[in-house]
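Counting starts at 1 for both ligands and their atoms, following the listed order. Model, not experiment: these values are computed from the prediction.
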Amino acid sequence: MPRQMIGLDIGQTAVRGAQLRITRGGITVTRYHEVSLPHGVVSQGDVLDAPTLVAALQQLYDEGDFTTRQARLSIGNRHVYVREHSVKRVPLTMLKSSLRYQIDDVLPLDPDKAVLDYFPASLSVTGGQPTYTGLLVAAETEPLEALAQAIHKAKLRLTGVDLSAFALLRALDPTRPTAGADGQGSGNALDRVLTDLIIDFGAGTTQIVAVHGIRPLAVRMLPSGGDDITEVLQSVDDAAFGEAEAAKASTGYLGGLAQTPAEQAIAAGVDRLVSAISDTITFFHNTTPDLEHIDRVIITGGGSRMPGLQQHLVDLLGLPVYLGQPLQGLRFASAEAESYAYDHLSTCAVALGTMEN
Ligand SMILES: Nc1ncnc2c1ncn2[C@@H]1O[C@H](COP(=O)(O)OP(=O)(O)OP(=O)(O)O)[C@@H](O)[C@H]1O
Ligand SMILES: [Mg+2]
């Protein structure tokens with residue numbers, strides 16, 4: 001029997017589900033659906049209005065015509081921390097059970113109030129000792145439990161939690177074989193040795209993932225996103241949130257050409273966000289020995305659709321910037337599922353990439 005599961009993304013603006021059929025032959029997307037969330041239901045991973053979130057998840061299940069209730073959730077917000085961490089090689093189970101004693105030096109978190117995990121990325125010999133280099137992940141328990149409770153109340157069975165940064169790199173994996181081709185590996189060997197920087201422009205969170213081939217090197221979650229720009233615009237224009245959203249999308253980023261107060265507010269908001277992204281890239285370069293250089297930038301998330309943003313990133317970072325293509329090489333069970341996902345190209349990556357490693 002093929003295994004089916006729903007990859008779930010609870011974002012600030014929508015809940016998204018991708019039902020995946022997993023067989024030895026590969027992964028097929030059998031369903032994809034999204035349901036919008038009103039402003040203020042979820043904020044940076046905090047559930048502010050649980051009944052509305054539960055209703056949206058139920059609506060997602062019903063409208064999306066899902067046939068399994070097994071769901072795996074991806075998380076990536078200000079309550080989730082990822083740090084590059086090297087540690088002496090011991091059996092992985094032993095390593096994971098000792099994480100609570102290691103986070104003291106790495107993160108300002110109470111280990112009793114967090115779920116911890118470790119993902120080794122490479123093994124080397126340092127000072128004669130076999131040493132793992134990898135990512136230490138810590139998620140605060142309380143906000144995660146609120147999300148789990150909403151999922152449970154919507155009558156879905158939560159089978160696991162994933163880091164949305166990992167979901168992004170799976171969904172945007174340039175080495176994925178093309179659909180229909182039975183051969184293994186990438187059509188393009190170059191993709192295996194390039195280093196990409198994935199930037200997910202969300203509403204409350206901007207995620208940045210440095211990845212070499214499909215090996216994650218560094219991950220950061222910035223606690224700001226498109227909503228911050230909309231909120232400033234709302235006060236400048238004295239408009240409702242929805243009106244400010246529409247004005248932001250139609251005006252876009254005008255940079256130095258911005259003239260009206262609204263245009264200038266958008267440009268300033270984007271400049272702030274992009275400057276934080278720039279600082280993160282510098283930080284990655286200074287702290288991640290395996291990150292020698294970045295070859296390309298891949299952008300995704302609703303905010304990546306802002307007119308003018310892609311060119312601005314090219315100018316500022318001096319790197320090629322591509323829109324993420326999460327459907328490339330992916331098999332769909334029906335044209336309907338594929339075309340729905342295509343209509344949500346900028347926001348479907350996290351749900352589509354949510355699966356066990
Ligand atoms: N055409 C557009 N131009 C500018 N911004 C846009 C456009 N379309 C969507 N956005 C912005 O994208 C953001 C939503 O992105 P997305 O749907 O990826 O976020 P989310 O996943 O719901 O939130 P988060 O990941 O932060 O929890 C909003 O701030 C929205 O204003
Ligand atoms: Mg998101």
Side-chain angles (χ1 to χ4, degrees), residues 7-18 33-48 53 56-57 60 73-80 143-144 146-147 162-168 171-172 198-209 219-234 239-254 262-263 265-267 269-270 272-274 276 298-313 323-324 326 341 343-354:
L8 202 58
D9 172 23
I10 301 183
Q12 195 155 304
T13 63
V15 291
R16 306 164 182 118
H33 199 64
E34 299 198 357
V35 170
S36 300
L37 286 178
H39 186 55
V41 174
V42 171
S43 175
Q44 297 192 340
D46 287 306
V47 180
L48 304 184
L53 175 59
L57 287 167
L60 179 78
L73 173 71
S74 268
I75 51 167
N77 52 59
R78 70 189 177 95
H79 299 295
V80 183
L144 181 55
L147 291 169
D162 202 1
L163 188 67
S164 51
F166 292 168
L168 281 171
L172 300 169
I198 301 172
I199 309 176
D200 178 51
F201 288 92
T205 306
T206 303
Q207 298 202 50
I208 309 172
V209 189
V219 177
R220 279 297 177 278
M221 260 78 69
L222 304 180
S224 55
D227 270 9
D228 298 280
I229 302 171
T230 308
E231 274 158 21
V232 174
L233 194 57
Q234 212 186 340
F241 189 83
E243 287 167 8
E245 278 280 286
K248 180 179 78 172
S250 66
T251 307
Y253 178 77
L254 295 172
E263 290 169 355
I266 298 170
V270 172
R272 255 194 310 278
L273 188 58
V274 172
I298 316 288
I299 59 173
T300 186
S304 68
R305 299 171 58 208
M306 173 176 280
L309 176 68
Q310 188 179 2
Q311 186 57 49
H312 177 52
L313 290 170
L323 291 177
D343 286 342
H344 297 82
L345 202 59
S346 65
T347 52
C348 64
V350 171
L352 287 172
T354 301

Completion exercise
Correct closest heavy-atom pair for Asp46 and Pro143 would be OD1-CB, 4.0 Å
Completion exercise
for atom 7 (C) of ligand 1, nearest protein heavy atom and its distance come out as Gly302 O, 3.5 Å
Fill in the blank from the handout: Taking every heavy atom of Leu172 against every heavy atom of Pro326, the minimum-distance pair comes out as CD2-N, 3.8 Å
Problem - Distance filter under 4.0 Å to Phe201 heavy atoms, resulting ligand 1 atoms - result: 15 (O), 18 (O)
Exercise for the section: Using atom types as modelled and distance alone, determine if a side-chain donor or acceptor of Ser346 lies under 3.5 Å from a backbone N or O of Thr300. Expected result: no
Problem - Heavy-atom check, side chain of Leu144 versus side chain of Val80, under 4.5 Å - result: no
Fill in the blank from the handout: the protein heavy atom lying closest to atom 30 (C) of ligand 1 turns out to be Glu245 OE1, 3.4 Å
Exercise for the section: Kindly give the heavy-atom pair with the smallest separation between Gly45 and Asn77, and that separation in Å. Expected result: CA-ND2, 3.4 Å
Handout entry: Any donor-acceptor N/O pair, Thr205 side chain to Gln44 backbone, under 3.5 Å
Key = no
Problem - Contact atoms of ligand 1, heavy-atom distance to Gly301 under 4.0 Å - result: 18 (O)
Handout entry: Those atoms of ligand 1 less than 4.0 Å from some heavy atom in Thr347
Key = 17 (O), 18 (O)
Fill in the blank from the handout: Closest to atom 25 (O) of ligand 1 among protein heavy atoms sits Gly202 CA, 3.8 Å
Exercise for the section: Classify the contact between Lys248 and ligand 1 as side chain, backbone, both or neither, using a heavy-atom distance cut-off of under 4.0 Å. Expected result: side chain
Practice task
Report yes if the side chains of Leu8 and Leu57 come closer than 4.5 Å at any heavy-atom pair, otherwise no.
Solution key: yes
Handout entry: Contact summary for Leu233 and Ala247, nearest pair of heavy atoms
Key = CD2-CB, 4.1 Å
Fill in the blank from the handout: Of all protein heavy atoms, the one nearest atom 26 (O) of ligand 1 is Gly204 N, 2.7 Å
Practice task
Using a 4.0 Å heavy-atom cut-off, say whether Gln44 meets ligand 1 through its side chain, its backbone, both or neither.
Solution key: neither
Exercise for the section: Considering the heavy atoms of Asp227, write down every atom of ligand 1 situated less than 4.0 Å from one of them. Expected result: 29 (O)
Exercise for the section: Would you mind reporting whether Asp227 and His39 have side-chain heavy atoms less than 4.5 Å apart? Expected result: yes
Fill in the blank from the handout: of all protein heavy atoms, closest to atom 3 (N) of ligand 1 is Met306 CA, 3.3 Å
Practice task
Give yes if a backbone or side-chain nitrogen or oxygen of Ala203 is under 3.5 Å from a nitrogen or oxygen of ligand 1, and no if not.
Solution key: yes
Problem - atom 27 (O) of ligand 1: nearest protein contact (heavy atom, Å) - result: Gln12 N, 2.9 Å
Exercise for the section: Taking salt bridge (Lys or Arg N to Asp or Glu O under 4.0 Å) as the test, write out the residues that go with Glu245, two or more places apart. Expected result: Lys248
Exercise for the section: Look at atom 12 (O) of ligand 1 and find which of Gly226, Gly303, Gly11 reaches it with the closest heavy atom. Expected result: Gly303
Practice task
Return yes if some donor-acceptor pair links the side-chain N/O of Ser43 with the main-chain N/O of Gly40 below 3.5 Å, else return no.
Solution key: no
Exercise for the section: Return yes when Arg16 approaches ligand 1 closer than 4.0 angstrom through a heavy atom, no otherwise. Expected result: yes
Fill in the blank from the handout: Closest to atom 22 (O) of ligand 1 among protein heavy atoms sits Thr13 OG1, 2.6 Å
Practice task
Quick one: look up the protein heavy atom nearest atom 2 (C) of ligand 1 and list residue, atom name and how far away it is.
Solution key: Ala249 CB, 3.6 Å
